[in-house]
> 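Sharing a structure here in structure tokens format.
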2 protein chains.
Amino acid sequence: MPETTRRADRLSGSRYGNRPTMKDVAARAGVGLKTVSRVVNGEPGVTPDTERRVQEAIDALGFRRNDSARVLRKGRTASIGLVLEDLADPFYGPLSRAVEEVARAHGALLINGSSAEDPEREQELALALCARRVDGLVIIPAGDDHRYLEPEIRAGVATVFVDRPAGKIDADVVLSDNFGGARDGVAHLIAHGHRRIGFIGDMPGIHTASERLRGYRAAMENAGIPVEDGWMSLGATDPERVRRAAEEMLAAASPVTAVFTGNNRVTVTVIRVLAEHSRPVALVGFDDIELADLLRPGVTVVAQDAAALGRTAAERLFRQLDGSLVAPERIELPTRLITRGSGELPPAG
Amino acid sequence: MPETTRRADRLSGSRYGNRPTMKDVAARAGVGLKTVSRVVNGEPGVTPDTERRVQEAIDALGFRRNDSARVLRKGRTASIGLVLEDLADPFYGPLSRAVEEVARAHGALLINGSSAEDPEREQELALALCARRVDGLVIIPAGDDHRYLEPEIRAGVATVFVDRPAGKIDADVVLSDNFGGARDGVAHLIAHGHRRIGFIGDMPGIHTASERLRGYRAAMENAGIPVEDGWMSLGATDPERVRRAAEEMLAAASPVTAVFTGNNRVTVTVIRVLAEHSRPVALVGFDDIELADLLRPGVTVVAQDAAALGRTAAERLFRQLDGSLVAPERIELPTRLITRGSGELPPAG
DNA sequence: CCCGCATCTGACAACGTTGTCCAGGCTCTA
DNA sequence: TAGAGCCTGGACAACGTTGTCAGATGCGGG
């Protein structure tokens, strides 16, 4: 006789896991089920007196509407998912926060998870979010094949990719101008007299990394400088390898006089190496880093606006949900060169 | 005749918002509803041949289980909520990530939101998460009254507070040793010969801030140093006010020779002020900051382990859900003094 | 005094899934 | 070959909510 047991537990109020339902509230208030629903949702057509009785019952029982059931009935969850690479990376905090603020403005909750740069985990996470029936997904891709999302998108899940483009499907994408930013950063070094310029970046398999590399090559080519072997280090992600790469460039027979670094983590490591180095070496880094202005010299960077990326993507997501959007688009946000000293050092040696 | 319409849409596959259900899969595979459920959940009792047919139907239709319905039926959502102050703050990134990893290890998703330091928003968010029927909540309190959670906790929502204690309810709390850390940091300055030491921190209404202030006072008292008016600045949160406060302390008739800063944001601003100051002033800050080792002098800090806070809290949450936990507890994690130079400067002037 | 109308209320089905339980078909043994 | 027992598959109810629709109630006017 489970019904009896449950009622007893509920009345005693001590047992975990049994929450009062609208039915319980209705029984206590002596009204119908639907009337409770009306009160909870602020629908019209309830006399003040009835409303008061219902409200009292709600408070007395500690009732809270079960949104799972609501979602099941209504179809929309008023929540969106965010799949990013690593929340602990300072670049993603503001991005995530920006997405959240837009979601909040649309009355939606944000569910997020980290892919840890693992394509399989990205897929697992994205599909788990779809199973929760999020209304939309903002994805910072780890993998390069997103066809697994096709059924979801067809089923109406709004989808926007950020920071890196979607792989093998046609979808909205919001990016920084990685190519242009890197090109301008390297050109800045060239303008200050450098010709032997190193590039240290992530694996070229990652879109942002290859675009920035392309920018480096373009700037060098525009200036008519042939790039020598040993000036480029790709795929060095962990500090140890970045350090080795930087040291090799600086110790070569004809060492580089400037370095362009492909992301914030690389930049930080290279700053450490340069700090130990005797001769001054110019540096421009992609991504801004905190306290960059307080170092001596200050660190010149190509800054992207992480918050703007997140905001733009989220706004586009909700416009998809509004139905006011049709064709997928690729949006590129400009980067900004912030000069602080390290990029303006003249060539030494 | 809505049924007909829906079926047609589904077959055409073009209209948004209609997803295939197990019923559809069953019809297509020519099996019963429950058999599909069994296949989807990997339950035993299905012949390989039937399983194959079902799987084909699933793939063909792009079916994905609706977890909302599942949750409704099963009672548990396998998701936990995290309410924090501001994801954009570098302190919370690693904390959030640590919570996520623990959740993942337990097969749960993480839903998070920022309170923006607003008690009302904290409550709104926490209750919204409860309405989604998260299994548990990790909360970094913005407010100081959490009685609104009593019905939820009684109903079985596991709850752990982090970084600051819960207000007016008895609940699990995981904190850093704010008092001890601040006391030791200030004692460190005293040990290096300082007697005129300033304190710049957040509003004393915030628990961490008042504990750190208490630590400052204790260290001074232990050393028999009376604290003068004007050595303490409380409630300065925005950079402008912090800057003014620091400048006043340094410009006073008998200026402070060292400063203890109450959190990372304050520390960063004070570093800027000190960089412009002529005489060297010692500094110890609460919270570690990135690149602190690269500044000259390096910044001595009292570091808390944000990831450990998050991990400890999340683990405790899941132990509550296991039922292996009974009485609420208060856990205090140690802080660590990291000497890098700024805290070891001798008194000047 | 009765009818019509507006207002308020509640019974019922449906959302998509899972747990329970039973039916039918099979194998194995006596 | 009949009966017992096992395995597979499916019918049905339930989870807690909301939309639909019809019934009840009260009021004013004819």
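Lettering of chains follows the sequences in order, A, B, ..., and the numbering in each one begins at 1. Fair warning: this is a prediction, and the values are worked out from it, not measured in the lab.
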> Side chains of F161(B) and L137(B), heavy atoms from C-beta outward: is any pair under 4.5 Å?
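SC-SC contact between F161(B) and L137(B) ruled out.
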
> Round to the nearest Å and state the distance from R52(A) atom CZ to dC8(C) atom P.
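The distance from CZ of R52(A) to P of dC8(C) comes to 16 Å, rounded to the nearest Å.
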
> Output the rounded distance in Å from NZ (K23(B)) to C1' (dT17(C)).
12 Å

> Of all the choices, dG9(D), dT18(D), dT17(C), which nucleotide is nearest to the side chain of N66(B) once you look at every atom?
dT17(C)

> Round to the nearest Å and state the distance from R76(A) atom CZ to dG19(D) atom C1'.
18 Å

> Among dG19(D), dT18(C), dG16(C), which nucleotide has an atom closest to any side-chain atom of A69(B)?
dG16(C)

> In terms of the nearest nucleotide of DNA chain D, which residue is placed more toward the 5' end: P44(B) or K74(B)?
P44(B)

> Report which part of the nucleic acid V31(B) touches: base, sugar-phosphate, or nothing (heavy-atom distance under 4.0 Å, all strands).
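Touches sugar-phosphate only.
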
> dA14(D), OP1 or OP2 - any side-chain N/O from R73(B) closer than 4.0 Å?
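Answer is no, no contact under 4.0 Å.
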
> For E152(A), is there an ion pair with R19(B) - N to carboxylate O distance below 4.0 angstrom?
yes

> Check residues 100-109 of chain A and write down every donor-acceptor pair under 3.5 Å in which the side-chain atom is one partner and the other belongs to a residue at least two apart or another chain.
residue: E100(A); atom: OE1; partner: S114(B); partner atom: N; Å: 3.4
residue: E100(A); atom: OE1; partner: S114(B); partner atom: OG; Å: 2.8
residue: E100(A); atom: OE2; partner: S114(B); partner atom: N; Å: 2.5
residue: E101(A); atom: OE2; partner: R97(A); partner atom: NE; Å: 3.1
residue: E101(A); atom: OE2; partner: R97(A); partner atom: NH2; Å: 2.8
residue: E101(A); atom: OE2; partner: R121(B); partner atom: NH2; Å: 2.9
residue: R104(A); atom: NH1; partner: E124(B); partner atom: OE2; Å: 3.3
residue: H106(A); atom: ND1; partner: V102(A); partner atom: O; Å: 3.0

> Under 4.0 angstrom, heavy atoms only, what part of the nucleic acid is G45(B) near: base, sugar-phosphate, or nothing?
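Sugar-phosphate only.
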
> Rounded to whole Å, how long is the line connecting atom CD of E43(A) with atom P of dG19(D)?
6 Å

> For a quick check under 3.5 Å, do H146(B) and E122(B) share a side-chain donor-acceptor pair by atom type?
yes

> With sequence neighbours excluded, give me every salt bridge (Lys or Arg N to Asp or Glu O under 4.0 Å) pair touching residues 106-115 of chain B.
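Of all non-adjacent pairs touching residues 106-115 of chain B, none passes salt bridge (Lys or Arg N to Asp or Glu O under 4.0 Å).
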
> Starting from C1' on dC15(C), measure out to CE on M22(B) and report it in whole angstrom.
14 Å

> In whole angstrom, give the distance that lies between atom CG of L72(A) and atom C1' of dC15(D).
9 Å

> For residues L82(A) and S96(A), determine if any side-chain heavy atom of one lies less than 4.5 Å from a side-chain heavy atom of the other.
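A side-chain contact exists here, since the closest heavy-atom pair is under 4.5 Å.
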
> Which nucleotide wins on minimum distance to the side chain of T50(A), given the candidates dT9(C), dG16(C), dG16(D)?
dT9(C)

> For D67(B) and dC15(C), what is the distance between atoms CG and P respectively, to the nearest whole Å?
19 Å

> Without decimals, in angstroms, what is the distance between L33(A) CG and dG19(D) C1'?
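Going from L33(A) (CG) to dG19(D) (C1'), I get 12 Å.
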
> Would you tabulate the nitrogen or oxygen pairs shorter than 3.5 Å linking the protein to nucleotides 20-27 of chain C?
none

> Looking only at side-chain N and O atoms, does T35(A) come under 4.0 Å of OP1 or OP2 in dT9(C)?
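Negative; the distance criterion is not met.
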
> Across the strands shown, which category fits S68(A) at heavy-atom distances under 4.0 angstrom: base, sugar-phosphate, nothing?
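Nothing, no heavy atom under 4.0 Å.
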
> Does any donor atom in the side chain of D24(B) or T21(B) lie under 3.5 Å from an acceptor atom in the other side chain?
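The criterion, which ignores hydrogens and geometry beyond distance, is satisfied for T21(B) and D24(B).
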
> Which nucleotide in the list dG9(D), dT17(C), dT17(D) gets nearest to the side chain of T47(B)?
dG9(D)

> Would N66(B) and R132(A) count as having a side-chain donor-acceptor pair, cut-off 3.5 Å?
no

> Under 4.0 angstrom, heavy atoms only, what part of the nucleic acid is N41(B) near: base, sugar-phosphate, or nothing?
sugar-phosphate

> Counting any heavy atom closer than 4.0 Å, what does V46(A) reach on the DNA or RNA strands: base, sugar-phosphate only, or nothing?
sugar-phosphate

